[in-house]
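The structure appears right after this line, and notes come after that.
Computation of the quantities below employed the complete heavy-atom set of this structure, encompassing side-chain atoms and omitting hydrogens, waters and symmetry-equivalent molecules. Everything quoted here is computed from the prediction, not taken from an experiment. Ligands are counted one by one from 1 in listed order, and the atoms in each one are counted from 1 as well.
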Amino acid sequence: MEIHSTIPALRQTLQGRGRIAFVPTMGNLHEGHIALMRAAREQGDTVVASIFVNRLQFGPSEDFDQYPRTFAADCDKLREAGVDVLFAPTESDLYPTPQSYFVDPPDLQHLLEGEFRPGHFRGVATVVLKLFNCVQPQAALFGKKDYQQLMLVRAMAEQLALPIAIVGVDTVRAADGLALSSRNGYLSVRERQQAPRLFQTLQTLRQALLQEGIGQLPRLEQEAAANLDRQGWKTDYIAVRQRANLLPPSDSSQKLVVLAAAQLGRTRLIDNIEV
Ligand code: PAF
């Protein structure tokens, strides 16, 4: 696997490498990322991954400094997964001058995650567009665990006519249902045992929704959140939304997704389940 940190070196090495499939990451890789790398292999001749912890998408009270940086172990995993090229810029490679041009996504950025992490999706969209410009892929792969992020990137690619296929890849879960996430590493042993409750709550809400219908919202959402809170969580939201736009459903023919974010101890976990 070739590793490049500068944009010119990356561009040079990617010349004449056929169709490029790209997986952007912030490192601290787990099986969920590796599933993205494997799926990327089916999308292109050359698989490019990036590792960059993007300051722009962290709020002032979030975990940018503490975010786990495990570069050597990540490189081993990427090599094993058959990644051809790793782009690992430093902050001054990617932001040689303070970034003052931003991608400002539409209202979707302020819903759900956006309500609790103001500015997060502006930072994500800006770095993703910049990484796309560096790598110039034909396909880019994102995990469905970050459902709202996937939707925003897909809409950005459409609206800005980027010649890139945005591919969503299913969430990888531990045997007990917990969605794999770099932030799971923050959980204590006891919290790790509690953590699958988030997915269980989503499953229970989906079941209730299938039986009782959307007429029973928001009661079902409130009950789900109260149930989680009673077990020691601090729920930010549990919401049934339309898959098309993440707005509340208005009729029963719409395709739905249930999304949740909740804090367990000091760790904030997100997850979702399509209905
Ligand atoms: O999902 C992530 O890891 C990040 O938000 C991304 C897409 C790599 C942008 O920094």
#### Entry: Step-by-step ring pair (Phe, Tyr, Trp, His ring centres under 6.0 Å) determination, F142 to F22
CA-CA 9 Å; F142 293 82; F22 174 48; 7.9 Å; no

### Task
Ignoring hydrogens, just give me the one of M26, R55, K130, Q149 whose non-hydrogen atom is nearest atom 5 (O) of ligand 1.
Q149

### Query
Mind checking what makes ring-ring contact (aromatic ring centres under 6.0 Å, His included) contact with F64, not counting sequence neighbours?
F58

### Message
Show the atoms of ligand 1 that are less than 4.0 angstrom away from any heavy atom in V127.
### Response
9 (C), 10 (O)

### Message
If we set the cut-off at 4.0 Å for heavy atoms, which region of T25 has an atom near ligand 1: side chain, backbone, both, or neither?
### Response
backbone

### Residues that Q203 engages under side chain to side chain donor-acceptor pair (under 3.5 Å), provided they are two or more places apart
none

### Task
Write out the residue and atom name of the closest protein heavy atom to atom 4 (C) of ligand 1, then the distance separating them to 0.1 Å.
Q57 NE2, 3.6 Å

## Note on the structure
The residue among R192, R197, Q193, Q200 that forms side-chain hydrogen bond (donor to acceptor under 3.5 Å, both in side chains) with D176 is R192

